[in-house]
Amino acid sequence: MLRENPSMETSILTPTVVWSGFGLGTVFGYIANRTNFCTMGAISDVVNMEHWGRMRAWLLAIAVAMIGVNLMGYFGVVDFSGTLYANKNLFWLGLIVGGLCFGVGMTLAGGCANKNLVRLGGGNIRSLVVLVFMGIAAIVTMKGVLGIFRTGVLQSSPVTVHLENGQLLPTLFAGVEGAATAQLLLAGVLALAILIFVYKDERFRKNLDNNLAGWSVGLIVVAGWYITGHLGLAENPETLEMAYFGTSSNRPESMSFVAPTAYSLEYLAYATDVSRVITFGIATVFGIALGSFVHAWFSKSFRWESFASVEDLSNHIVGAILMGFGAVCAAGCTIGQGITGVSTLSLGSLLAILSIIAGSTITMKIMLARME
Amino acid sequence: MNFDKEFNARGLSCPLPIVKTKKALVDMTSGQVLKVISTDTGSVKDMAAFADQTGNTLLSTVEENGEFIFYMKKK
């Protein structure tokens, strides 16, 4: 499509994408604080008390996101074939090891990246320490000393499966031609199965918070994809090629929190470097903390929290480092892979989130056993 | 309020207060009361959900000087 004055339009495109990300993050943070939405908490409820309420909320978010994402994909609103989650290389060892590390880490650090941003907004200083250590560990794993280990071992060619059509399940099963129909079918069946499981529970149907959390988080993920993958797509006036504006990866993105936390630290450190810009992901990180703060403040639940002991501090630091390392190796966190990635029906995302859940469950079992 | 056992979960983050509560209740007999002191805001909802799910009775939840004190009666 020709634009009369592309430079004018694209000049406001990046701020539009970034501010929309900030808005979405703020709503996410507000709702997560209000509803106690937490992936690790959901796993803990199931493992420690066989209570599935928050897990159902989390599954509901996946189902809602899955429906929205695949309808957008089917109708050509957003092209998911170029996203991180459709990568032609399936780094299975990195996904498993990274996912396990992330799962162990979030259990030691009082929650995942998202939960720590929410806790920070509520006045928890421990979470600030967790986020800084996690961000540094992520940078070190992306391009520092651990990056060599990541690319040389965990994501090296002997432990990578090359999939010519990418790793989204519809293209994997039905090829590029049949992908559109397969996408609609697969997403429909999976989402329906999840919705039946979620809503067959009477307590869940009556629980406003869990319903609010599931629907909102799912819709926020869909909105994130729409903003970066549709609104943010335009002709670049310099190259005259279509490009995605406002994201760190220059591809469509949605909610994800470890790499954006790392980019936030980098931005703070190198802001005068013109190549450093505030992106959609960075904006969501700050939005989450702000939204959570707003809810905590007005509900009078804001309170400063700090470390209790040396053991507590060291557990959180170890957990944070494992999360930063794990998320980069597994290409995402509980939200980035667990909801945003799974909503695209990516095989790698399923592998990563199952590994995260396994790592967290094992850690909780060990914690309980060590007390006996 | 009278209680038979007490533990301090000050400074512990989720899921430790719940894991420790679960462990503490194992060694208690029916009708005994466990007192838990926590500083984690999330533990308020967690303890209520735990009681609801396991059938133990959460006798009271009070906030005092920035700490949460729970009394849980074993079923």
Side-chain angles (χ1 to χ4, degrees), chain A residues 33 35-36 38 40-54 106-111 115-116 118-119 122-124 126-127 130 203 207 209-210 296 299-313 315-316 319 360-361 363-372, chain B residues 4-30 32 34-75:
Chain A
N33 187 304
T35 63
N36 213 12
C38 173
M40 192 268 286
I43 297 169
S44 166
D45 290 353
V46 172
V47 172
N48 294 312
M49 48 172 134
E50 290 166 26
H51 189 303
W52 283 75
R54 283 198 284 180
M106 73 174 184
T107 314
L108 294 176
K115 182 67 183 184
N116 273 291
V118 173
R119 280 176 184 271
N124 195 323
R126 277 191 288 209
S127 293
V130 167
R203 280 196 301 180
N207 188 314
D209 273 358
N210 282 341
S299 64
K300 297 190 166 49
S301 62
F302 183 90
R303 33 188 280 151
W304 297 109
E305 276 184 66
S306 184
F307 291 99
S309 62
V310 174
E311 189 192 1
D312 188 36
L313 173 63
N315 272 343
H316 279 77
S360 179
T361 306
T363 313
M364 284 173 201
K365 298 272 185 200
I366 292 173
M367 275 178 177
L368 191 64
R370 276 180 60 187
M371 282 172 205
E372 281 162 10
Chain B
D4 304 282
K5 191 174 180 179
E6 172 182 12
F7 83 81
N8 172 3
R10 284 187 188 98
L12 297 179
S13 300
C14 174
L16 282 169
I18 285 296
V19 173
K20 289 204 166 192
T21 302
K22 189 180 171 186
K23 172 73 187 82
L25 285 169
V26 171
D27 306 327
M28 295 170 64
T29 55
S30 181
Q32 286 191 315
L34 173 71
K35 178 183 177 184
V36 182
I37 306 162
S38 165
T39 48
D40 180 25
T41 39
S43 63
V44 178
K45 280 188 177 172
D46 286 355
M47 293 296 258
F50 180 80
D52 184 38
Q53 183 69 14
T54 54
N56 298 296
T57 314
L58 187 59
L59 298 173
S60 89
T61 302
V62 274
E63 190 179 353
E64 263 177 31
N65 307 322
E67 294 181 340
F68 301 101
I69 300 164
F70 306 94
Y71 291 94
M72 180 101 62
K73 186 176 170 188
K74 184 163 174 173
K75 71 167 174 181

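Order of the sequence lines sets the chain letters (A, B, ...), proteins ahead of strands, with each chain counted from 1. As a basis for the values below, the full set of heavy atoms in this structure was taken, side chains included, without hydrogen atoms, waters or symmetry mates. Values in this document were obtained by computation on a predicted structure and should not be read as measured data.
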Practice problem: Among the options Ile18(B), Val26(B), Thr39(B), pick out the one with the most heavy-atom pairs lying under 4.5 Å from chain A. | Solution: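 The option with the most such pairs is Thr39(B).
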Practice problem: Could you have a look at Thr54(B), Asp27(B), Leu16(B), Thr21(B) and say which one has the most heavy-atom pairs with chain A under 4.5 angstrom? | Solution: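 It is Leu16(B).
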Quiz item: Charged N to carboxylate O below 4.0 Å: is that the case for Asp46(B) and Arg54(A)?
Solution: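 Judged by the 4.0 Å cut-off on N to carboxylate O distance, Asp46(B) and Arg54(A) do form a salt bridge.
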Quiz item: Non-hydrogen atoms of chain B under 4.5 Å away: do they reach the side chain of Thr107(A), the backbone, both or neither?
Solution: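 Both parts, backbone and side chain.
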Quiz prompt | Engaged part of Ser360(A) at the chain B interface, taking heavy atoms whose separation is under 4.5 Å | solution =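 Contact with chain B: none, neither part.
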Kindly indicate whether the side chain of [X], heavy atoms from C-beta on, has any atom under 4.5 Å from the side chain of [Y].
X         : Y         : result
Lys115(A) : Ser13(B)  : no
Asp52(B)  : Arg203(A) : yes
Ser301(A) : Thr41(B)  : no

Considering non-hydrogen atoms only, spot the tightest contact between [X] and [Y] and give its length.
X         : Y         : value
Asp209(A) : Lys45(B)  : OD2-NZ, 3.4 Å
Cys14(B)  : Met40(A)  : O-CE, 3.2 Å
Gly66(B)  : Arg303(A) : O-NH2, 2.5 Å
Leu368(A) : Lys22(B)  : CD2-NZ, 4.1 Å
Glu305(A) : Asp40(B)  : OE1-CA, 3.9 Å
Phe50(B)  : Met49(A)  : CA-SD, 3.3 Å

Exercise. Pick whichever of Asn36(A), Asp312(A), Asn124(A) has the most heavy-atom pairs under 4.5 Å with chain B.
Key: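 Top option by heavy-atom pairs under 4.5 Å: Asn36(A).
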